[in-house]
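Naming: A, B, ... by sequence-line order, numbering from 1 per chain.
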Amino acid sequence: MTVRVFISRDAAAQALGADETVAALQSAAQAKGQAIQIVRVGSRGMVWLEPLVEVEVAGERIGYGPVEATAVPGLLDAGMLSGASHALRLGNVDQLPFMAKQERLTFARVGIIDPLDLDQYLQHGGYEGLKRALSMSGAQVVQEVTDSGLRGRGGAAFPTGIKWKTVLDQQADQKYVVCNADEGDSGTFSDRMLMEGDPLTLVEGMTIAGIAVGATQGFIYLRAEYPHAEAALRAAIATARARGYLGRDVLGSGKAFELDVRMGAGAYVCGEETSLLESLEGKRAEVRFRPPLPAIKGLFQKPTIINNVISLASLPIILQKGATFYKDYGMGRSRGTLPIQLAGNIKHGGLVEKAFGVTLRELLYDFGGGSASGRPIRTVQVGGPLGAYIPEKDFDTPLDYEAFTAIGALVGHGGIVAFDDTVDMARMARYAMEFCAVESCGRCTPCRVGSTRGVEVMDRIMQGGAERPANIKLLEDLCDTMQYGSLCGLGGMTPFPVMSALKHFPEDFSRNR
Amino acid sequence: MWAADTFRYESRVIFLRMQAAQRMQLLHGALTEDRYSMSVFDETQAQAVDALSARFAGIPGPLLPLLRAVQDELGFIPSEAIPRIAEALNLSRAEVYGVVSFYHYFRQHAPGRHVVQLCRAEACQAMNSESTEAHAKNSLGIDYHGTSADGQFTLEAAYCLGNCAAGPSVMIDNKLYGRVTPERLDQILADWRTRQ
């Protein structure tokens, strides 16, 4: 009997040797005369266990990991294909604490299904949301999204339904749906995992958005660093089109929606929505003045919904199960779930989808298992390179947009980067300025010039001398200018990591190097 | 006119690169390399650029997809391609050059056989990517944007490769690697050297 084996095709799994494991397994099984079918799935998100091999035994998926190619012959000899015991055997993957404690809504199918198999997608609830949306009016769909409490998962946390209502109310000959897949924040990879592991969810979400507001064309703006995601998205779009889920007449509704992938070219600032639109139009990705909002004059000056991957990929389940179902997760004004990414110096790094309200400490220790190095976690940076460094005393803060604002931090796109006690916070502050200098679009002076001056001031602070207090004052003034004088979040938020490092770890700024 | 512009631009590039190299106290290699001379732009390349221009001219917002296609085909964007692209898309040369120079992904000189991208972002730094970075620069004898003397590798910085739970991360062409210690980098580079 043919045994089904599931191995991830996710870029993170490939980076740790999943392809080599697949090749080794195929040849070893053939040599033993054992019939196997290897299904390449998305990643479960337990990156420390990759390459993870799951064997289907009596309807359960028994995991082994991490399985390097060299371990494969031994595992087969031990009877892995019948679920036998072995040092690398993990047990039923769904029941591992890391998985069982999660609340996977947006990521429900990731790691489970073959991402490019539309039939499996349908069997697991796919396109139920679109079918329901097609039975409703555009205004009803927008209301449902508003009622769900969904806020933009890219980082700005703006209510998605309100953005959509603005686009719905515009009269225009053409409207667009644009997906911001320029996931440039360090410590974030949920967009990538979703696009590689369940791209049809994003395709369905964008179709729902288009049908709701009367947009007939969508673009996914994908960052240049994600070639695996590009391949998955293009394949998913081609399949959806061939089966009538995209095109001039979506599922016989008489409504049209087309979708295209556009690749970026390496510019962090494209994560800012107006510079992304400039880039899509074929220009330098310089930030636009607002107003007008993209919802009124966006891509090619037409009304445009522009949302992050996770926002759009959360729509299918909201439409399938209803606004109340989604809204019942979360706390305060942060409703639903957030795919959180545990990154950096963390023992059990990966993806945790959880309702808002989980604390940093639970994430870092219950899920993450502490640092990878075994040393104490000194700080975490949440929300990418523009996010604040959070000290250990604030680790009990619940993941909630308002609670994070209250401690001077941001949730952003949900990336958490852990650092152990060897980190030099003055160097991290210098890096924040350096990153801003590298990635500044150059449009506004506080960001373009301020970031370079910031690197210089940090260098002088790190050198020390009698001028240090004056230089620290200068750094504070500079951060104030950047924060309040920049045109967009890049220059405007670079002060967050810098000032939080200075505030919480002043000892690192008073040490000579 | 255009030739003069190109010359001025090339001179400027050389000047800026020298400045950058001096600032970083680069010890060897890049300054003496003859990598900034004009590349040879032949008829085949011209035809490739024109064919791609014709293919993309009809789509909305054609410039980025076209430039990516040109770079995929030729390995870089030759300066001679810029006026051709500008004419095909009814843009000024300045607009096209402005876009080419804005984005990190576009290169204006031929790279080595393989492009090595090292992630410099925070999550990789937390896993000591700086030692991998220093080792890469030392063992290849180059700084960022440089090409190793044997023409095998061009080194580039990346600001997040999306592999943040298994840093330090490195991407060579389109192949991603995780947990790249200096020792593992040596193995990986040795493996790529033997590939054709």
Side-chain angles (χ1 to χ4, degrees), chain A residues 11-12 14-16 47-48 50 183-189 191-192 217 223-229 262-268 279-286 299-300 341-346 349-351 372-373 381 384-385 415 417-420 423 427-428 431 435 438-439 441-442, chain B residues 56 59-69 71-72 77 85 89 91 94-107 117 119-130 144 156-171 173-180:
Chain A
Q14 290 187 28
L16 296 170
V47 177
W48 79 99
E50 297 287 3
E183 184 180 52
D185 287 353
S186 172
T188 65
F189 45 85
D191 293 355
R192 182 185 60 66
Q217 175 69 50
R223 66 195 299 254
E225 292 83 352
Y226 283 0
H228 305 81
R262 288 294 178 89
M263 295 303 289
Y268 176 75
S279 185
L280 257 183
E281 292 181 8
K283 301 174 193 161
R284 292 163 68 90
E286 290 180 358
L299 185 63
F300 302 116
Q341 301 116 92
L342 299 178
N345 197 331
I346 189 96
L351 186 118
S373 61
Q381 186 181 31
V417 179
F419 295 83
D420 72 12
V423 65
R427 290 191 66 170
M428 298 319 294
Y431 173 80
F435 177 76
V438 170
E439 296 293 346
C441 82
Chain B
F56 285 95
I59 69 166
L63 186 53
L64 256 71
L66 170 56
L67 288 172
R68 284 186 61 103
Q71 181 158 306
D72 286 348
I77 316 269
I85 290 169
L89 301 187
L91 297 168
E95 283 169 312
V96 177
Y97 174 68
V99 168
V100 171
S101 60
F102 182 90
Y103 294 93
H104 301 309
Y105 180 83
F106 296 128
R107 57 181 75 255
Q117 290 181 277
C119 183
R120 289 197 65 211
E122 291 90 340
C124 284
Q125 288 185 44
M127 293 303 283
N128 202 14
S129 61
E130 282 164 331
Y144 286 124
E156 297 288 355
Y159 295 89
C160 197
L161 295 169
N163 188 37
C164 317
S169 302
V170 171
M171 185 138 56
D173 295 345
N174 273 347
K175 183 150 173 65
L176 184 64
Y177 296 91
R179 296 193 200 116
V180 184

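- For A:Tyr268, no part lies near chain B; criterion is any non-hydrogen pair under 4.5 Å.
- Of the possible donor and acceptor atoms, none in the side chain of A:Arg284 sits under 3.5 Å from a partner among the backbone N and O of B:Glu95.
- Of the atoms belonging to A:Pro385, heavy atoms from both backbone and side chain fall under 4.5 Å from chain B.
- In terms of heavy-atom pairs under 4.5 angstrom with chain B, the leader among A:Gln14, A:Glu281, A:Met263, A:Arg262 is A:Arg262.
- Neither the backbone nor the side chain of A:Ser373 comes within contact range of chain B, judged by heavy atoms closer than 4.5 Å.
- Put simply, of B:Gln71, B:Arg120, B:Met171, B:Lys175, the one with the most heavy-atom pairs under 4.5 Å next to chain A is B:Arg120.
- When B:Pro65, B:Ala165, B:Ser129, B:Ala166 are compared by the number of non-hydrogen pairs under 4.5 Å with chain A, B:Ala165 comes out ahead.
- In terms of heavy-atom pairs under 4.5 angstrom with chain B, the leader among A:Gln341, A:Glu50, A:Met428, A:Glu286 is A:Met428.
- Of the residues considered (A:Ser186, A:Gly282, A:Ala11, A:Ala343), A:Ser186 shows the highest number of contacts with chain B, using heavy-atom pairs under 4.5 Å.
- The distance between the ring centers of A:Phe435 and B:Tyr159 falls below 6.0 angstrom.
- When heavy atoms are compared at a cutoff of 4.5 Å, B:Glu122 approaches chain A by way of both its backbone and its side chain.
- Residue B:Pro60 touches chain A through both its backbone and its side chain, counting heavy-atom pairs closer than 4.5 Å.
- Between chain A and the options B:Phe106, B:Tyr177, B:Tyr105, B:Phe102, the largest number of non-hydrogen pairs under 4.5 Å is found for B:Phe102.
- A donor-acceptor contact shorter than 3.5 Å links the side chain of A:Asn345 to the backbone of A:Ala372.
- If you measure heavy-atom distances from A:Ala285 to chain B, the contacts under 4.5 Å come from both the backbone and the side chain.
- Contacts of A:Asp191 with chain B are absent, with no heavy-atom separation under 4.5 Å from either backbone or side chain.
- Proximity to chain A (any heavy atom under 4.5 Å) is shown, for B:Glu156, by neither the backbone nor the side chain.
- Going from atom CG of B:Leu66 over to atom CD1 of B:Ile85 covers 5.0 Å, rounded to the nearest 0.5 Å.
- With a threshold of 4.5 angstrom between heavy atoms, A:Val47 approaches chain B through its backbone and through its side chain.
- Rounded to the nearest 0.5 Å, atoms NE2 (A:His228) and CG (B:Leu176) are 6.0 Å apart.
- Side chain of A:Arg223 to backbone of A:Glu183: a donor-acceptor contact under 3.5 angstrom is found.
- The line from CG of A:Leu351 to CZ of A:Arg192 is 10.0 Å long, rounded to the nearest 0.5 Å.
- Considering only heavy-atom pairs separated by less than 4.5 Å from chain A, the leading option among B:Pro168, B:Cys119, B:Cys164, B:Ser169 is B:Cys164.
- Panel note: side chain B:Gln125, backbone B:Asn128; no donor-acceptor pair is recorded below 3.5 Å.
- Atom CZ of A:Arg427 sits in a sparse spot, with 12 or fewer heavy atoms from other residues, nucleotides or ligands closer than 6.0 Å.
- Looking at heavy atoms from C-beta onward, B:Leu67 lies out of side-chain contact with B:Tyr103 at the 4.5 angstrom threshold.
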